[in-house]
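Letters A, B, ... are given to chains in the order of the sequence lines, protein chains preceding strands, and every chain is numbered from 1. Owing to the predicted nature of the structure, the values given are computational and were not obtained by experimental measurement. Worth knowing before you read on, the calculation uses all heavy atoms, side chains too, and leaves out hydrogens, waters and symmetry mates.
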Amino acid sequence: MEEQPQEINTGQETTQTVSFDEFQKIDKYAIPAWRVGGGFGSLIWWLLPFGISLYGMGRDFPEWIPFALAVVVLINSISQSTFLPYIRWKHWSYRITDDEIELRRGIFIKVNTLIPINRVQHVDTRQGPLYRSYDLASVTISSAATTHEIPALSEDIADLVREKISILARKARQDV
Amino acid sequence: MFEPRRQHPVASVTNVLRTLRELLVPIIIVLILGGGGNSRLLEPSTLLVLLSVLGISGVLGWMRFHFWIEEDELRITHGIFVKKKLFIPKERIQVIDISSGLIQRMFGLVQVQVQTAGSSSSQARLSAVTLQEAKELKKLLLEDQELAEVEETASPEKIYALSTRRLLIAATTASSFGVAFSIVGYVLSQLDQFVDDEMVAQYLEGAVAQTTAGTWIIILVAAFLFAWVLSLLGTLLRYSKFSVRKRKDDLVITRGLIERKNITVPFDRIQAVRSVEGIFRQPFGYAALYVESAGYGDEGGESTVLMPLIKKSEIPDILEDLLPEFSEPEGEVAKAPVRSIPRFVLRLFIPLTIVFGLVYLAFWDNLTAIALFYVPALLLALLRYKDTEAKTVGDHLVLQFRNLARTRAITRKHRVQAASVSANWFQRRRKLGSFRATVASGKGGRTLPVDNLEISDSNYLLNWARPT
């Protein structure tokens with residue numbers, strides 16, 4: 001199971017034969033990308049303990065509150081930049097059959113989402129600066145009511161997935 | 001067939017009013033930030049300039065606005081500085097709504113709204129035309145409209161109206177407390193614009209010392225009453241003269257006392273039906289009935305009210321008649337198992353404990369009073385457990401759940417836009433799962449959640465949602 005993403009990434013010729021009928025993992029480079037993104041993203045939370053201790057200065061305010069918050073925020077920062085991305089990656093998988101898209105994800109809360117393919121209105125791939133530096137892209141699937149994302153696929157796979165879904169969606173809508 | 005023409009001059013007035021309404025929030029914000037009553041915005045000269053600018057732009061807007069029908073298109077040109085063109089091909093027009101606000105009615109005019117298909121519906125609005133013009137437009141743009149009109153008169157029994165008695169019950173049991181409370185809160189927060197801090201401080205020093213629990217309860221009750229009166233009046237205005245008519249392809253809902261609203265909901269856009277039993281309504285066997293329709297929200301993409309108040313026992317009949325596609329079939333029901341009760345209880349107790357933990361630390365250390373809040377929470381948790389149910393019959397999906405009010409939703413398989421099963425660590429340990437189905441509603445979606453079913457039942461529901 002864990003070798004699969006590498007297999008897909010190694011050669012251009014294998015991408016032609018990828019079958020999305022079985023559950024696929026997202027790209028392994030998701031882990032370093034998420035470590036960087038999550039690590040920097042978690043810095044925003046540091047405003048909280050610092051802000052509170054600034055507020056508490058010279059006031060009758062229990063010191064342990066910002067301290068306890070700082071500990072929580074520190075734990076968050078460390079786990080976001082070390083093991084959490086790995087676990088999140090491990091639990092992410094998706095599958096695209098002729099009739100539906102299925103997404104499985106979640107560490108503490110496991111979620112299994114089903115999107116019937118004839119409900120899909122449009123698909124696009126997105127790439128921010130962080131994903132670009134790792135040659136990753138995410139695929140966004142929109143229906144009339146919802147938007148779903150498959151994060152961190154390699155650029156080739158992302159394009160393939162987008163093409164596949166849009167072709168299937170067009171076909172499925174014609175069948176209805 | 002229809003030469004380029006202007007709207008009735010009254011349109012310039014309604015334009016100004018609409019602009020003012022859109023500017024209301026920014027104006028309020030400017031007033032607050034600008035130091036309340038001392039703002040220069042309130043000086044007569046500034047006001048005069050602003051109003052005349054608005055007035056001139058209203059008149060110019062009216063002068064530059066032309067509409068006509070050409071090559072089977074409704075064509076509109078408008079815009080004061082930049083001329084904008086809006087061409088709507090006849091076949092793309094789904095609905096033409098004719099309504100009339102207070103101003104329109106004073107001059108015997110109507111407003112025409114043209115809606116096109118698609119979730120990102122572009123709209124054309126003629127804000128003041130004569131009824132005759134409106135009817136002519138409708139006739140030219142919707143050919144089968146006449147047919148529907150004839151059918152209406154042929155079967156007048158298909159009109160459901162809200163009796164005055166029901167309207168009053170709806171108004172008194174309306175639980176739009178949330179909205180009302182935020183209004184009250186807003187008014188209170190504005191009070192300190194008029195009262196300066198020292199006065200308050202002096203008053204509080206004198207008063208707080210003597211304030212007993214009794215006074216607080218009186219204040220609370222007064223706030224409740226005020227909020228209730230507000231929501232009562234709001235409901236009365238909204239749902240006066242409410243009626244639903246069934247036509248060939250759509251439902252037409254008419255409502256409103258000051259502003260008459262005409263909402264057309266095509267049958268093929270309806271995604272789900274929901275009955276909501278508010279906590280004040282359920283004991284008397286009443287509920288409100290809503291339809292979720294894609295692209296057509298009541299106001300800004302909300303659900304549309306099909307019946308503001310209805311006896312729960314009457315729902316099957318009205319659905320059978322108005323929306324047979326969504327009438328509920330008999331079938332076996334899946335419920336939350338007994339071992340899920342702790343989940344429902346904890347779901348409420350954990351946030352409650354966090355909130356009261358902070359409250360306790362911060363200022364209020366009356367433990368017995370705090371403990372009292374857990375009683376209604378426990379009750380609500382048990383009700384949620386009892387009310388959670390789901391069933392599928394053929395391609396019908398029926399989900400029932402409770403936040404505060406109890407909701408029962410009926411939808412069809414081909415209306416489900418996405419479905420999911422989720423289970424957190426605690427749920428997995430007890431083999432429970434939560435199922436969610438999302439249907440399109442207005443411009444977005446509405447998620448229908450049933451929590452803590454047997455994991456096998458949740459997965460069954462998910463598999464049911466598969467197209468194959």
Side-chain angles (χ1 to χ4, degrees), chain A residues 21 48 52 55-56 59-66 68-69 72 87 91-123 140-150 165 168-169 171-176, chain B residues 117-121 268-269 271-272 292-297 301 357-358 361-362 395 411-429 432-449 451 455 458-459 461-468:
Chain A
D21 283 348
L48 213 67
I52 290 178
Y55 169 84
R59 267 176 241 246
D60 181 21
F61 193 78
E63 260 176 43
W64 63 267
I65 290 183
L69 269 174
V72 174
I87 305 180
H91 285 87
W92 237 111
S93 62
Y94 66 97
R95 154 173 111 159
I96 304 156
T97 68
D98 287 353
D99 302 303
E100 67 213 23
I101 302 162
E102 209 171 339
L103 313 175
R104 286 192 179 164
R105 68 199 177 280
I107 306 167
F108 181 70
I109 305 173
K110 290 205 156 131
V111 188
N112 189 356
T113 305
L114 188 92
I115 309 142
I117 224 140
N118 56 3
R119 293 314 115 69
V120 174
Q121 286 193 329
H122 57 261
V123 216
T140 310
I141 304 151
S142 311
S143 70
T146 54
T147 304
H148 308 269
E149 191 192 52
I150 308 175
I165 293 176
L168 285 174
K171 213 176 85 193
R173 266 204 300 273
Q174 278 164 3
D175 290 348
V176 167
Chain B
S119 49
S120 56
S121 56
D268 58 4
R269 309 290 292 184
Q271 314 287 313
E292 308 295 351
S293 57
Y296 300 89
L358 291 175
L361 284 175
D395 70 349
T411 187
R412 304 286 297 268
K413 187 162 160 173
H414 60 283
R415 298 302 191 191
V416 175
Q417 302 279 338
S420 74
V421 168
S422 70
N424 64 32
W425 188 74
F426 297 110
Q427 286 177 308
R428 288 202 295 281
R429 261 187 28 181
L432 300 169
S434 299
F435 174 77
R436 271 160 182 58
T438 306
V439 297
S441 166
K443 287 177 183 67
R446 178 171 291 275
T447 298
L448 309 166
D451 286 333
I455 187 74
S458 310
N459 285 332
L461 290 170
L462 191 72
N463 286 330
W464 169 88
R466 286 178 204 277
T468 42

Check: At a heavy-atom separation under 4.5 Å, does A:I65 approach chain B through its side chain, its backbone, both, or neither?
Finding: neither
Item checked: Closest non-hydrogen atom pair, A:R119 against B:Q417 -> CB-OE1, 3.6 Å
Next item on the list: Report the option among B:A465, B:A418, B:A423 that has the most heavy-atom pairs separated by less than 4.5 Å from atoms of chain A.
Entry: B:A423
Next item on the list: Side chain from CB out, backbone as N, CA, C, O: work out which of these in A:T146 comes under 4.5 Å of a heavy atom of chain B, or both, or neither.
Entry: side chain
Notebook entry, point to check: Roughly how far apart are B:L462 CG and A:E100 CD, rounded to 0.5 Å?
Noted result: 8.5 Å
Check: Is the shortest heavy-atom distance from the side chain of B:R466 to the side chain of A:L114 under 4.5 Å?
Finding: yes
Next item on the list: Mind listing the closest non-hydrogen atom pair of B:V416 and A:P116 along with its distance?
Entry: O-CG, 4.0 Å
Notebook entry, point to check: What's the shortest heavy-atom distance between A:V111 and B:S422, and which atoms?
Noted result: CG2-CB, 3.8 Å
Notebook entry, point to check: Do you know the tightest heavy-atom contact between B:S420 and A:T113?
Noted result: CB-OG1, 3.6 Å
Next item on the list: Kindly give the heavy-atom pair with the smallest separation between B:A440 and A:A144, and that separation in Å.
Entry: CB-CB, 4.0 Å
Notebook entry, point to check: Counting N and O atoms only, with roles assigned by atom type, does the side chain of B:R428 sit under 3.5 Å from a partner on the main chain of A:I109, one being a donor and the other an acceptor?
Noted result: no
Notebook entry, point to check: Does A:Y55 OH have over 12 foreign heavy atoms under 6.0 Å away?
Noted result: no
